[in-house]
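The structure appears right after this line, and notes come after that.
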Amino acid sequence: MLESRSLATSFSRPILIGLALVIVVLLSMILVNPIQNLFSQIDSTTARTTFYQARVKPKQRGDDSTWKELAKHLGEKAGKKVDERKLRQNVESCKNAAGLGGDVSIEIDDQTGDIFLKTKMSEENIGNALDGC
Amino acid sequence: MQTLSSLHINTDAHDETPPEVGVALRIFGNDLDPDAVTKALQLSPDHLHRVGDRPNGDAKYAAYKHAMWLLNSKLSREESLEAHLTHLLSLLEPKQAQIALFAKIATVDFSCDLHFVSGFSLSPQLVNRLAHLCVGLSVTVW
């Protein structure tokens, strides 16, 4: 009886260890993927947020700090000082050349200076704030 | 007291930067020949393009949907909207008949860009002159 119990114990220990390992592996498979997915979602959300934050809508802000910030950002990117007044004139020139009315909103990418006209279905790059049109 | 003052609306929010005004006459349309405008008005445009042209000839920009003839007001950007419009009107009123012809096939407007202003006002005389020339007004308050 004693022999059989010790046999059972000695037989079940590796099985228990094996089972524990299998459970750990399964748990890691079940939990790690969702966690990875969660992190990747956070990453993509952050990236998307950053992308939209990089677009400037001076018209909606209505203050000079937007133009100052835009000139600063573009200047840093281009490695030269960007004149804020010239920037405004360039944006006007592209908006005017595109035949846009005063009620049309545009967005300016603060990394490239590209000016975007957004419609319901798509967006168009109508020029660049550094170059004008 | 602080609550009371916070209720006040700041009507002069742009007091740090002086107002800037840019005004341009635009004539644009699908069937417009910009060279014909130059010839008819005897004025040199500051910008012109044809349908399908792209800004600065760069393929990364969207192609223009209209042909465009554009004349900027050459006044200082510190001048008022009224001054800019008056200046352009004095150039264009003698060409009223030609402008009326182009207005039949294209959009003709004064595109006005106002920076750091809360609003604008125009005198009755100027409004009357604008109406007489049959030119539209497109205002962007940035």
Side-chain angles (χ1 to χ4, degrees), chain A residues 55-72 82-133, chain B residues 10 13-30 32 45-49 51 53-72 76-78 106-118 120 136-142:
Chain A
R55 296 282 182 84
V56 179
K57 279 187 177 180
K59 190 177 169 182
Q60 289 187 342
R61 305 279 179 88
D63 60 32
D64 58 351
S65 64
T66 311
W67 289 104
K68 281 196 175 89
E69 280 173 27
L70 182 62
K72 191 181 148 201
V82 172
D83 180 38
E84 201 188 313
R85 283 170 64 97
K86 183 70 182 155
L87 201 64
R88 283 194 283 274
Q89 288 178 48
N90 286 343
V91 174
E92 284 172 25
S93 71
C94 292
K95 185 195 68 101
N96 283 336
L100 304 183
D103 55 342
V104 179
S105 182
I106 54 160
E107 290 182 2
I108 306 160
D109 189 308
D110 72 354
Q111 300 298 302
T112 62
D114 283 342
I115 305 165
F116 293 92
L117 167 67
K118 291 186 86 170
T119 60
K120 278 181 186 174
M121 302 299 284
S122 63
E123 64 177 19
E124 285 178 14
N125 187 340
I126 61 165
N128 189 283
L130 289 167
D131 305 327
C133 293
Chain B
N10 184 6
H14 313 304
D15 50 357
E16 281 182 20
T17 313
E20 279 179 42
V21 177
V23 180
L25 173 80
R26 301 188 299 186
I27 303 177
F28 60 101
N30 293 337
L32 186 77
D46 294 295
H47 172 93
L48 65 79
H49 63 247
V51 177
D53 288 351
R54 292 172 192 270
N56 302 322
D58 193 330
K60 83 169 186 172
Y61 302 122
Y64 289 121
K65 296 175 183 70
H66 316 101
M68 168 79 67
W69 188 95
L70 185 146
L71 180 72
N72 283 322
S76 158
R77 286 171 66 86
E78 276 76 34
T107 302
V108 185
D109 72 2
F110 285 118
S111 179
C112 312
D113 292 281
L114 312 178
H115 295 269
F116 316 122
V117 294
S118 304
F120 66 93
L137 199 62
S138 173
V139 181
T140 304
V141 181
W142 294 92

Query raised in the report: With no hydrogens and no angle check, is any side-chain donor or acceptor of B:His66 less than 3.5 Å from a backbone partner on B:Ile27?
Result: no

Report summary line: On a heavy-atom basis, the closest approach of A:Val91 and A:Ala129 is CG2-CB, 3.7 Å

Query raised in the report: Where does B:Lys60 contact chain A at under 4.5 Å (heavy atoms): side chain, backbone, both or neither?
Result: both

**Report entry** Check: B:Glu20 main-chain N/O paired with B:Arg77 side-chain donor or acceptor under 3.5 Å
**Finding:** no

**Report entry** Under 3.5 Å donor-acceptor, B:Ser138 side chain and A:Gly102 backbone
**Finding:** yes

**Report entry** Winner by heavy-atom pair count (cut-off under 4.5 Å) against chain B, out of A:Glu92, A:Gln89, A:Lys95
**Finding:** A:Glu92

Report task. Measure A:Leu100 against the heavy atoms of chain B and call it side chain, backbone, both or neither at under 4.5 Å. Result -> backbone

Query raised in the report: So which part of A:Asn128 gets closer than 4.5 Å to some heavy atom of chain B, the side chain, the backbone, both or neither?
Result: both

